[in-house]
Amino acid sequence: MGETDVTTEPGAPWLIVGLGNPGPDYARNRHNVGFMVADLLAERIGGKFKRAGKAQAQVIEGRIGPPGPANRRVILAKPMSYMNLSGGPVTALRDFYKVPTANIVAIHDELDIDYGVLRLKLGGGDNGHNGLKSMTKAMGPDYHRVRFGIGRPPGRMQVADFVLKDFSAAERKELDYFVDRASDAVEALVIEGLERAQSTYNS
C-alpha cells in the first residue's frame, strides 16, 4: 500500500483515535498527548465523548470539513483500556462502524522526534510504542499515524518514566499551540489526503 493511498472506500467513515491512558493521574502525561488532541478535535466538532457500548472506548460521531465532497463523517475515539491494550477497542469500533483500516488515524506520542514536531505517515512499525504495537497486532499496520514528537528522555531516565511524566514547565508554554497544530494536521489528513497534509505538516 503506497503512502498516497488514503482511503479504500469512497464515502466510508474515518475513525480518528487519540491514544493515551484513562484517568486523571495520566491526563497531562507526555504519553497522553493523543488524548489531548482528541479532546481539542471534540471541541471543534462540538460534541461530548460518550461510552461506546462494549467497545471500551469513549466516542463522538460528527463531521469535519467544508460542505460538499470534502466533508467527512468521522468517529473520534479515546480507548479506555490503557495504552498497551488499545488494539481491542479500536478493532471493535472499526468493525462496528465498518471503517476500512486505511481510514483509521492513530494520534500518538513519538520519542524519536523533537518536541512539537509532527510526522504523518501510513503504515510502518511501532517503534516500541505499546499503543501502536497493540493496534498492529489486532489489525495489521496499514493505518495512518499522526506522530507528535516528545523527544528522548534526558540523561539516564528510563523511557517508561519519561512518557508517564507530565510535560515540563518549559514545554507547557508551547503545548497548546502544538496540540492545536496537530489537530489541524488530523483534519488536513482526512479532508485533503495524506500527501498534501504531509507537505504542510511534516516540518
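For N103 (side chain) and P13 (main-chain N/O), a donor-acceptor pair under 3.5 Å exists by modelled atom type. For N71 (side chain) and G65 (main-chain N/O), a donor-acceptor pair under 3.5 Å exists by modelled atom type. A donor-acceptor pair under 3.5 Å is formed between the side chain of N202 and the backbone N or O of L120.
Listed by chain and number, the residues in a salt bridge (Lys or Arg N to Asp or Glu O under 4.0 Å) with R119 amount to none (sequence neighbours excluded). Residues meeting the side chain to side chain donor-acceptor pair (under 3.5 Å) test with H108, sequence neighbours left out: none.
Judged by distance alone, the side chains of E61 and Y97 do bring a donor and an acceptor atom under 3.5 Å apart.
Using a cut-off of 4.0 Å between Lys/Arg side-chain N and Asp/Glu carboxylate O, E110 and R145 are scored as not salt-bridged. Taking 4.0 Å as the cut-off between side-chain N and carboxylate O, R152 and D112 count as a salt-bridged pair.
Between atom CG of residue N127 and atom NZ of residue K133 there is a gap of 10.0 Å, rounded to the nearest 0.5 Å.
The side-chain tip of R94 does not point at the ring of F96 from less than 6.0 angstrom away and within 45° of straight on. Annotation: cation-pi geometry not satisfied between R181 and Y201 (NZ/CZ under 6.0 angstrom from ring centroid, within 45° of ring axis).
Checked against the 6.0 Å centroid threshold, F35 and Y26 do not count as a close aromatic pair.
A pairwise comparison of heavy atoms in F148 and A182 identifies CD1-CB, 3.9 Å as the closest pair.
With D95 as the fixed residue, the side chain to side chain contact (heavy atoms under 4.5 Å, CB included) test singles out one of V99, T91, L93: T91.
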Working note: N32 + D109, criterion side-chain contact (heavy atoms from CB on, under 4.5 Å); need CA distance, chi angles, decisive distance, verdict. CA-CA 7 Å; N32 268 44; D109 56 303; over 6 Å; no

